[in-house]
Amino acid sequence: MPEAQELLAQCRNLLAQGRQEEALTLARARQTKDRRDPDLHLAWAELLEELGLPEEALVELHLALRDDPERLELYERLGELYLDRGQPLKAAHLWEGLAARRPQDPRPYLEAGRAYEDAGDYLKARELYQTGSELTGDPALAARLQHLGFLEDSPAPEPPPEVAPLLPQPHHLAAFLSLFAGREGVYARQWVSPTGESGYTPVHEPLTAKVAENHLLGNHTIGVYPVRLDNTVGFIAFDLDLAKFALTQALPSQRLFESLMAKVHKAACRLLDLAAAQDLPAYLEDSGFKGRHVWIFLEAPVPAGVAKKCADLLAARLSPLPPEVTLEVFPKQAHVKPGSLGNLIKLPLGLHRKTGRRALFITPEGRPYDHQLDFLLSVARAPKAA
């Protein structure tokens, strides 16, 4: 077996020649664990990402971190990979470890705190911002503290009554798969641990009718990566949520939660109107916890860059949003580099694993449609010209 450095060069050469399967075979045969060379491990991680092997890229990045635990670039790369995979707590633990070694550097406190916020652990985020602010005096940490606010952690408000169980038939499953087709050969599954940790795990297999059925039955909850291998998309989506500081303040009070959610709903309805004015049929979903999704389904796939530009232009017309409301657009990327998946979005009609609520399509008045599965058969798709 060639040395790891020589093998790396051979893999790159094969990949440059378009011989990806041979490059994959060689890459999987590498033996790098005993090599103490952070640059070599980082180079392998980059190649493995390009080859579509994110799990093995994570291994190499951790080996690089073992060899050079002070190297900031490694934390950035690992944190980004974990966040893309829906594992913010792992990203937070990485940055928190660096903060312990570099107590006068504000960056690790900021990154760890933001990752804890993404994981919904606002108390831990505040603790890190507080500690970092005291040790470094950095104004950005003080600003995060002020923005986040602080209240004791408490359970979410009681969910509204559930609608009748969904019993999908083959034609419903076909419609679901057609509307929400994303990246080929992979989807994501939402999980929540007994300790409250949550995230998404990529599942490298096709999104089949059986997978869709289990999602609709509530057996598991899935998301998709909108950008396909040819960098096209079949839908545009908008994710409107309560900002983290507002959610922290609202959780102890049902009345305050409903008041703030009304702002989210109003912004989503404005988006429906803006889309309608451009002959783009759009549909509203209660995402199951603290937000709304707005969906625009396309007659035929379009380049992700075109879809993103359309979404960005519509989103810009919403400004200014209330400070309690955040907005994300999907697709987030015009292109997804080889080996990466891009950002995922949770699909409608499944159960939100944290709240147990079903994510339903709703009217602008906030009422769920009576027949959610039949609703899928009635949606109109946006023509490319519009």
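No experiment lies behind these values; they were computed from the predicted model shown.
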Drop me the distance from [X]'s [atom1] to [Y]'s [atom2], to the nearest 0.5 angstrom.
{"X": "Leu376", "Y": "Leu173", "atom1": "CG", "atom2": "CG", "result": "9.5 Å"}
{"X": "Phe245", "Y": "Arg126", "atom1": "CZ", "atom2": "CZ", "result": "16.0 Å"}
{"X": "Arg189", "Y": "Asn219", "atom1": "CZ", "atom2": "CG", "result": "9.5 Å"}
{"X": "Tyr129", "Y": "Lys124", "atom1": "OH", "atom2": "NZ", "result": "12.5 Å"}
{"X": "Gln20", "Y": "Cys11", "atom1": "CD", "atom2": "SG", "result": "11.0 Å"}
{"X": "Arg12", "Y": "Leu14", "atom1": "CZ", "atom2": "CG", "result": "12.5 Å"}

Problem - Result of checking Lys263, Met261, Gln249 against Glu324 for side-chain contact (heavy atoms from CB on, under 4.5 Å) - result: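 Of the listed residues Lys263, Met261, Gln249, the side-chain contact (heavy atoms from CB on, under 4.5 Å) partner of Glu324 is Lys263.
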Practice task
With Arg77 as reference, evaluate Leu65, Leu58, Leu42 under the side-chain contact (heavy atoms from CB on, under 4.5 Å) test and give the passing residue.
Solution key: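 For Arg77, the side-chain contact (heavy atoms from CB on, under 4.5 Å) test succeeds with only one of Leu65, Leu58, Leu42, which is Leu42.
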Please tell me whether [X] and [Y] have a donor and an acceptor in their side chains that are separated by less than 3.5 angstrom.
{"X": "His265", "Y": "Arg292", "answer": "yes"}
{"X": "Glu96", "Y": "Tyr116", "answer": "yes"}
{"X": "Trp44", "Y": "Thr32", "answer": "no"}

Exercise for the section: Please work out which of the three classes, parallel, tilted or perpendicular, describes the rings of Tyr283 and Phe375, given edges at 30° and 60°. Expected result: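 Answer is perpendicular, since the angle exceeds 60°.
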Exercise for the section: Hey, can you tell me if Phe297 and Trp295 have their rings parallel, tilted or perpendicular (30° and 60° cut-offs)? Expected result: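 Correct class here is parallel.
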Practice task
Not counting sequence neighbours, which residues clear side chain to side chain contact (heavy atoms under 4.5 Å, CB included) with Leu167? List them please.
Solution key: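 Leu167 satisfies side chain to side chain contact (heavy atoms under 4.5 Å, CB included) with no other residue.
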Is the shortest heavy-atom distance from the side chain of [X] to the side chain of [Y] under 4.5 Å?
{"X": "Arg358", "Y": "Gln372", "result": "no"}
{"X": "Leu110", "Y": "Arg114", "result": "yes"}
{"X": "Arg183", "Y": "Pro202", "result": "no"}
{"X": "Phe180", "Y": "Ile222", "result": "no"}
{"X": "Leu61", "Y": "Leu74", "result": "yes"}
{"X": "Asn13", "Y": "Gln17", "result": "yes"}
{"X": "Val336", "Y": "Asn231", "result": "yes"}

Exercise for the section: For His352, enumerate each residue passing the ring pair (Phe, Tyr, Trp, His ring centres under 6.0 Å) test, keeping only those at least two apart in sequence or located in another chain. Expected result: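 With neighbours one apart ignored, the set is Phe289.
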Problem - NZ/NE/NH1/NH2 to OD/OE distance under 4.0 Å, Glu73 and Arg71 - result: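 So Glu73 pairs with Arg71 through a salt bridge.
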Within a reach of under 6.0 Å around [atom1] of [X], are more than 12 heavy atoms found that belong to other residues, nucleotides or ligands?
{"X": "His171", "atom1": "NE2", "result": "yes"}
{"X": "Arg101", "atom1": "CZ", "result": "yes"}
{"X": "His204", "atom1": "NE2", "result": "yes"}

Enumerate, atom names and distances included, each donor-acceptor pair closer than 3.5 Å involving a side-chain atom of residues 309-323, sequence neighbours excluded.
unit_1	atom_1	unit_2	atom_2	d
Asp312	OD2	Lys308	NZ	2.9
Ser319	OG	Ala316	O	3.4

Give the minimum heavy-atom separation between [X] and [Y], together with the two atoms involved.
{"X": "Val227", "Y": "Pro331", "answer": "CG2-CB, 3.8 Å"}
{"X": "Val211", "Y": "His220", "answer": "O-NE2, 3.5 Å"}
{"X": "Pro301", "Y": "Arg228", "answer": "CG-NH1, 3.3 Å"}
{"X": "Arg353", "Y": "Gly218", "answer": "NH1-O, 3.3 Å"}
{"X": "Ala188", "Y": "Tyr225", "answer": "CB-OH, 3.6 Å"}
{"X": "Leu260", "Y": "Ala246", "answer": "CD1-O, 3.8 Å"}

Practice task
Assess whether salt bridge (Lys or Arg N to Asp or Glu O under 4.0 Å) is satisfied between Arg107 and Glu76, documenting all intermediate values.
Solution key: CA-CA 11 Å; Arg107 173 77 183 281; Glu76 292 172 340; 3.0 Å; yes
